[in-house]
Novice: 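Below you'll find the structure I mean.
Whatever order the structure lists them in is the order used to number ligands and atoms, beginning at 1.
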Amino acid sequence: MANVVVMLGPPGSGKGTQAKRLVDVLGIPHVSSGDLFRHHLSEGTELGRMAQKYMERGELVPDAVTVEMVIDRLRQPDCEEGVVLDGFPRTLTQAEALDEALREQGMAVSVVPLIHVSDEEVIRRITARRVCKDCGAVYNLAFERPEEEGVCDVCGGELYQREDDDQETVRHRLYTYYRETSPLIGYYFAQGLLVEIDGERPMADVQRDLREAVAQVGEPG
Ligand code: AP5
Ligand code: MG
């Protein structure tokens, strides 16, 4: 049975960090809608330019284009064995579109880990985040510093701060999360798919709970 993991949680809760570690053990792709939009932006596509207007304000890109972009990605052959979704779905409309697309492929969401982190911690983490321009590796000036300032440990690329990572935009992203994405908690809870994880612990502890949640999929009781 294909594993379809939906990482849920506020901005900065560690969805990306944890998803990257999880796919290393599961051997399935990590699909991040935010990364897909940022890729379009760096390639200068029309979709990228359109998405940028929403991203820089901390608002959601409209459902229709987001759903099309992510579902196209899910139809690629490397997703047949499963996928770890990060940042998608983010609205009930997106969640229903995902269910339908998976059904057509004979798949279904298997587990929804929800990473809890307080608003204060989100702001602390995000304003200290740095990302590699070349390979996308993620650092944190407070918790996970690169060995050499401004340089990626993995590939030597230049580290930068995401445009939407200033304090004001982060506050708006949090507001958007509570307003538009938090209803998904009830949606997945009702289906028995939600697993709540305390995200305010060392990354390795969060990862251990996440792997446990994924391993228990399909086990009785
Ligand atoms: P997206 O890129 O998805 O951003 P986000 O949801 O706001 O989440 P982040 O990437 O900021 O945080 P994360 O949870 O991945 O945390 P990370 O692991 O990096 O979306 C960006 C924008 O794109 C949206 O605002 C929207 O405009 C658009 N968009 C995307 N998807 C969309 C959709 N489906 N529909 C419509 N629009 C969409 O960790 C954060 C930092 O904390 C890092 O520095 C990390 O090193 C550190 N850290 C992680 N874990 C720990 C820990 N346990 N302890 C200490 N530090 C930690
Ligand atoms: Mg992320």
Novice: Starting from atom 50 (N) of ligand 1, find the nearest protein heavy-atom neighbour and note its residue, name and distance.
Specialist: Arg125 NH1, 3.6 Å
Novice: Which atom names give the shortest non-hydrogen contact between Ser33 and Gly87, and what distance separates them?
Specialist: OG-O, 2.9 Å
Novice: Please check whether Ile126 reaches ligand 1 - meaning an N/O of the residue sits under 3.5 Å from an N/O of the ligand, judged on distance alone.
Specialist: no
Novice: Kindly say whether Ala142 contributes a backbone atom to a donor-acceptor pair with the side chain of Arg145 at under 3.5 angstrom?
Specialist: no
Novice: For Arg57 and ligand 1, answer yes if some heavy atom of the residue is under 4.0 Å from a ligand atom, otherwise no.
Specialist: no
Novice: For ligand 1, which atoms sit closer than 4.0 Å to a heavy atom of Thr17?
Specialist: 17 (P), 18 (O), 39 (O), 45 (C), 49 (C)
Novice: For atom 37 (N) of ligand 1, what is the nearest protein heavy atom, given as residue, atom name and distance?
Specialist: Val61 N, 3.0 Å
Novice: Of all heavy-atom pairs between Val131 and Gly136, which one has the smallest distance, and what is that distance?
Specialist: CG1-O, 3.8 Å
Novice: If you have a sec, work out which protein heavy atom is nearest atom 19 (O) of ligand 1 and how many Å separate them, to one decimal?
Specialist: Arg129 NH1, 2.6 Å
Novice: Would you please indicate if the ring centroids of His172 and Tyr175 are separated by under 6.0 Å?
Specialist: yes
Novice: Check Leu22 against Val84 and note the closest heavy-atom contact, atom names and distance.
Specialist: CD2-CG2, 3.9 Å
Novice: List the steps, then state whether salt bridge (Lys or Arg N to Asp or Glu O under 4.0 Å) holds for Arg173 with Asp165.
Specialist: CA-CA 10 Å; Arg173 282 159 60 195; Asp165 276 358; 2.9 Å; yes
Novice: Kindly give the heavy-atom pair with the smallest separation between Thr17 and Met203, and that separation in Å.
Specialist: CG2-SD, 3.9 Å
Novice: Suppose I only count heavy atoms of Ser33 and a 4.0 Å limit; which atoms of ligand 1 are within that range?
Specialist: 30 (C), 31 (N), 32 (C), 34 (N)
Novice: Return a yes/no value for Gly87: is any of its N or O atoms, backbone included, closer than 3.5 angstrom to an N or O of ligand 1?
Specialist: yes
Novice: Only heavy atoms of Arg173, strictly under 4.0 Å: list the atoms of ligand 1 that pass.
Specialist: 4 (O), 5 (P), 7 (O), 9 (P), 11 (O)
Novice: Would you say Thr127 and Leu141 make side-chain contact, with heavy atoms under 4.5 Å?
Specialist: no
Novice: Nearest protein heavy-atom contact for atom 43 (C) of ligand 1: which residue, which atom, what distance?
Specialist: Val138 CG1, 3.6 Å
Novice: Taking all non-hydrogen atoms of both residues, which atom of Ala97 and which atom of Val67 are closest, and how far apart?
Specialist: CB-CG1, 3.7 Å
Novice: Can His116 and Glu200 be counted as having a side-chain donor-acceptor contact under 3.5 angstrom?
Specialist: no
Novice: With a heavy-atom distance limit of 4.0 Å, tell me whether Phe37 approaches ligand 1 through its side chain, its backbone, both, or neither.
Specialist: side chain
Novice: Which residue owns the protein heavy atom closest to atom 12 (O) of ligand 1, what's the atom, and how far is it?
Specialist: Gly12 N, 2.8 Å
Novice: Yes or no on salt bridge (Lys or Arg N to Asp or Glu O under 4.0 Å) for Glu168 and Arg171, after CA distance, side-chain angles and deciding distance?
Specialist: CA-CA 5 Å; Glu168 200 185 323; Arg171 285 192 191 282; over 6 Å; no
Novice: Atoms of ligand 1 less than 4.0 Å from Glu59 heavy atoms?
Specialist: 26 (C), 27 (O)
Novice: Between Ile115, Ile185, Val195, Leu193, which is the residue that forms a side-chain contact (heavy atoms from CB on, under 4.5 Å) with Leu8?
Specialist: Ile185
Novice: How far apart are the closest heavy atoms of Gln161 and Arg129, and which atoms are they?
Specialist: CG-O, 4.2 Å
Novice: Do Val206 and ligand 1 have an N or O pair less than 3.5 Å apart?
Specialist: no
Novice: Taking a cutoff of less than 4.0 Å between a non-hydrogen atom of the residue and any ligand atom, is Arg38 in contact with ligand 1?
Specialist: yes
Novice: Is the closest N or O pair between Ser13 and ligand 1 shorter than 3.5 Å?
Specialist: yes
Novice: Looking only at heavy atoms of Arg130, does any of them come nearer than 4.0 Å to an atom of ligand 1?
Specialist: no
Novice: Is there any N or O on Phe143 that sits under 3.5 Å from an N or O of ligand 1?
Specialist: no
Novice: Any side-chain heavy-atom pair from Leu74 and Leu85 closer than 4.5 angstrom?
Specialist: yes
Novice: Around atom 16 (O) of ligand 1, find the nearest protein heavy atom and jot down its residue, atom name and distance.
Specialist: Gly14 N, 3.2 Å
Novice: Taking only heavy atoms of Asn140 into account, list the atoms of ligand 1 that are under 4.0 Å away from them.
Specialist: 41 (C), 42 (O), 43 (C), 44 (O), 46 (O), 47 (C)
Novice: Starting from atom 28 (C) of ligand 1, find the nearest protein heavy-atom neighbour and note its residue, name and distance.
Specialist: Met55 CG, 3.8 Å
Novice: Considering only heavy atoms of Thr66, which atoms of ligand 1 have at least one such atom less than 4.0 Å away?
Specialist: 33 (C), 34 (N), 35 (N), 36 (C)
Novice: I need the nearest protein heavy-atom contact for atom 48 (N) of ligand 1: residue, atom name and distance, please.
Specialist: Met203 CE, 3.7 Å
Novice: Not counting sequence neighbours, which residues clear side chain to side chain contact (heavy atoms under 4.5 Å, CB included) with Tyr178? List them please.
Specialist: Asp119, Leu174
Novice: When you compare the side chain of Tyr188 with that of Leu114, does any pair of heavy atoms fall below 4.5 Å?
Specialist: no
Novice: Which option, Met7, Glu56, Lys15, owns the non-hydrogen atom nearest atom 13 (P) of ligand 1?
Specialist: Lys15
Novice: Output yes when the distance from some N or O of ligand 1 to some N or O of Arg201 is under 3.5 Å, and no in every other case.
Specialist: yes
Novice: Taking a cutoff of less than 4.0 Å between a non-hydrogen atom of the residue and any ligand atom, is Gly199 in contact with ligand 1?
Specialist: yes
Novice: I need the atoms of ligand 1 closer than 4.0 Å to a non-hydrogen atom of Gly16, numbered in the order shown.
Specialist: 13 (P), 15 (O), 18 (O)
Novice: With respect to atom 4 (O) of ligand 1, which of Glu163, Met69, Arg162 exhibits the smallest heavy-atom separation?
Specialist: Arg162
Novice: Quick test of your reading of the structure: of Arg90, Lys53, Gln52, whose heavy atom lies closest to atom 1 (P) of ligand 1?
Specialist: Arg90
Novice: Distance alone, cut at 3.5 Å: any donor-acceptor contact between the side chains of Asp63 and Thr91?
Specialist: yes
Novice: Under a 4.0 angstrom heavy-atom cut-off, which atoms of ligand 1 come close to Gln94?
Specialist: 33 (C), 34 (N), 35 (N), 36 (C)
